[in-house]
2 protein chains.
Amino acid sequence: MTVTLADVAARARVSPATVSRVLNGNYPVAASTRERVLRAVDELDYVLNGPASSLAAATSDLVGVLVNDIADPFFGIMASAAQGAIGEVASGRAGGEKLAVVCNTGGSPARELTYLTLLQRQRAAAVILMGGSLEDPEHLAATAGKLAKLAEAGTRVVLCGRPPVPGDANTAALVFDNRTGARLLTEHLLGLGHRRIGYVAGPADRTTTRHRLEGHRAALAAAGVAEGPTVHGPYDRRSGHEATAELLARDPDLTAVVAANDTVALGVCAALRERGLSIPDDVSVAGFDDLPFSVDAVPALTTVRLPLHDAGARAGRLAMGAEEPPTDGPVAVPGELVVRGSTAAPRG
Amino acid sequence: MTVTLADVAARARVSPATVSRVLNGNYPVAASTRERVLRAVDELDYVLNGPASSLAAATSDLVGVLVNDIADPFFGIMASAAQGAIGEVASGRAGGEKLAVVCNTGGSPARELTYLTLLQRQRAAAVILMGGSLEDPEHLAATAGKLAKLAEAGTRVVLCGRPPVPGDANTAALVFDNRTGARLLTEHLLGLGHRRIGYVAGPADRTTTRHRLEGHRAALAAAGVAEGPTVHGPYDRRSGHEATAELLARDPDLTAVVAANDTVALGVCAALRERGLSIPDDVSVAGFDDLPFSVDAVPALTTVRLPLHDAGARAGRLAMGAEEPPTDGPVAVPGELVVRGSTAAPRG
DNA sequence: TCTCAGACAGAAAGCGCTTTCTATCGGGGC
DNA sequence: GCCCCGATAGAAAGCGCTTTCTGTCTGAGA
């Protein structure tokens, strides 16, 4: 029925071992033999049996990329960059074709663990975890345990945009400097003269949420300005939309709103407009991430640009072992303040 | 080193066969035995060896979802829905845990084929191809061949938003009715009184592009209105931005622009604004897909809503065999015209 | 009491590949 | 002319699981 290595070997009049060696290219094979084998492979339309190969070699060519929300371009961009980098590295290695796949956890710790187990089952070559994590100690411990098991089994683990596991110095980590980015953003607002700043934060128990909030508060504290109202919600536009009403109810004299990210900011803008408030004349709005649509918002969004593409690509290379991770802790990826039309000095 | 089935068997004082049966739940095992096995699994922290299992069973628990661009929410939403549905169906079956993974082809035919081969290697349980395909006969034939091979090997193949392979009646297919959607949209514009309508199309050789363009032209033809300028480009905002200049150069008196999709429409809006043209007073703009950000554009985008989530979920169920595909051709998924602020009657 | 069906459990044969460990074959060095 | 080495190729032993084929044992029916 299906063509096997043995069939190819028979056709090429060599042993299965030789065919395997030709296909994996890690053992000297005479050019003429190689050619004969390759021809047989072609003629028989042979496709390697992945599971058999993985079983025998005790490793597979799967690389898993876990993301919190695949429908969010924030993750899409990073994942895409990682896949691209992985493909690029793989194409330069004989028989190194990797199956880079992205798994959508939907932000659920349970699904994250499930995916990790599934990848562990497959003896994945590498796993990249993208995006902030839940700060629940139990889940953190469970994840750390899984990652340790994976690493132990030879799977390369890379964190991208997620704080390193404490005490685990040997998994590569890329972390966005959310704190500094948020601080710069709030400083910008303070510099414009804003003193009543509302904040629409992400889910309360996520690292990203906390870090951005901390940066925001640090800026406020440094300037001696009191913290305005803060509302937590998911990282989506609806959250921004709903939170705005709450923010305004708590402080009707708000002159600026900082959102957890650009998507949320869009919701904030919509809600503000619905109430007849103009941006930035009545209220300034700022986002975070600088996703592609942010420049097209009206007015264009002031935000903090994160080098999503670069970070994803780097994570991909790290996962392929094509780049050495720094030995002294995680790589800090800085964000860059991008000032656009959605922020301005508050009305006289 | 690593714990194997045999270790678990030894610990539970049963044969490996029994452990396997407990884990796969498809053979009667006494409750007490089952419990003993499960405990052993737990105590030893056993993780099934996927490759070994797949090899022996000649099938794996991988489900591949191929998308053209993972950074585009259009695909993200569908992929997310599909993964969700797959997870849901899987959780209802003992040992039916599936590893739903999304693969990003970047619209490249070569990568599409590569992924298909990789998935074939893994003996994937199912493959879902999302989004329109290239219309190159050679690539079409290559893809059709691969899909036939996959189906033959027992992999379930589902097309979502991609026209069925001619002559292949047994792979399930969900197709968006892009033609009708596009026709409705252009009819809406015509109804408002527009007679000079520019069109920013997607890449020339894609099915989606062609179908939308055909619907647009059909509406024009039915109304006896001459076709305005048309420019092709990728499905991104930049394309819309650049195409707008071209469109305006070809016909400075354009009163409306139809874009290939919402993302492109955003680019069109930006370009129009940069030239000091107001939307919809000077020029009406329409998109397609109704992605989440479209309602937040200013003005909100008139577009054609595609039930991306539903379609993705359905594709997922089809891939799991949890829903029977219709025997009489593909399922046509209709789009719904959504009229918002970006379109209005042309100026006097 | 004896038989037999039904419910479980075990033995063992692979699944298709990788990878040591062994040949085998020409040559160059002495 | 002999020995040893480098370059290739083959033999064969698994990798860890699934599954068919056989039991074994229990209780119901006769």
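Below, chain A is the first sequence line, B the second, and so on; all start at residue 1.
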Trainee: Check this one for me: any side-chain N or O of Ser15(A) less than 4.0 Å away from OP1 or OP2 of dA11(D)?
Mentor: no
Trainee: With a non-hydrogen cut-off below 4.0 angstrom, is Ala30(A) in contact with a base, only sugar-phosphate, or nothing?
Mentor: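 The answer is sugar-phosphate, as Ala30(A) gets under 4.0 Å only of primed atoms, P, OP1 or OP2.
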Trainee: Select from Pro51(B) and Thr18(B) the residue whose nearest nucleotide in DNA chain D is closer to the 5' end of that strand.
Mentor: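 First, find each residue's nearest nucleotide; the 5'-ward one identifies Pro51(B).
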Trainee: Toward the 5' end of DNA chain D, which comes first, Arg21(A) or Tyr27(B), by nearest nucleotide?
Mentor: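 Nearer the 5' end of the strand: Arg21(A).
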Trainee: Taking for each residue the nucleotide of DNA chain C with the nearest heavy atom, is it Ala57(B) or Val19(A) whose nucleotide lies nearer the 5' end?
Mentor: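 Nearest nucleotide further toward 5': that of Ala57(B).
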Trainee: Can you tell if the side chain of Leu62(B) reaches within under 4.5 Å of the side chain of Leu99(A), non-hydrogen atoms only?
Mentor: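 Yes, side chains in contact.
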Trainee: Give Val14(B) one of three labels, base, sugar-phosphate or nothing, depending on what nucleic acid heavy atoms sit under 4.0 Å from its own.
Mentor: sugar-phosphate
Trainee: In terms of heavy-atom contacts, does CD of Glu35(A) have more than 12 from other residues, nucleotides or ligands at under 6.0 Å?
Mentor: no
Trainee: Output yes when a side-chain donor or acceptor of Arg13(B) lies under 3.5 Å from a complementary backbone atom of Ala10(B), and no otherwise.
Mentor: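 Answer holds: no.
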Trainee: What is the first contacted nucleotide of DNA chain C and what is the last, in 5' to 3' order, if contact means an atom lying under 4.0 angstrom from a heavy atom of chain B?
Mentor: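 Contacts span dC8(C) to dG16(C), reading 5' to 3'.
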Trainee: Using atom CG of Asn24(A) as one end and atom C1' of dA9(D) as the other, report the distance to the nearest whole Å.
Mentor: 16 Å
Trainee: Do Asn68(A) and Glu112(A) pair up side chain to side chain, a donor and an acceptor below 3.5 Å, judged on atom types alone?
Mentor: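 No, no side-chain donor-acceptor pair sits under 3.5 Å.
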Trainee: Do any side-chain nitrogens or oxygens of Thr33(A) fall under 4.0 Å of OP1 or OP2 in dA9(D)?
Mentor: yes
Trainee: Counting the atoms with a prime plus P, OP1 and OP2 as sugar-phosphate, which does Ser20(B) contact under 4.0 Å by heavy atoms, base, sugar-phosphate, or nothing?
Mentor: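 Base: the residue Ser20(B), judged by heavy atoms under 4.0 Å, touches a nucleobase.
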Trainee: Just wondering, do Ile128(A) and Met78(A) contact through their side chains at under 4.5 Å, heavy atoms?
Mentor: no
Trainee: Using only heavy-atom distances, determine whether the side chains of Ser108(B) and Thr105(B) contain a donor-acceptor pair under 3.5 Å.
Mentor: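 Per modelled atom types, Ser108(B) and Thr105(B) side chains form no pair under 3.5 Å.
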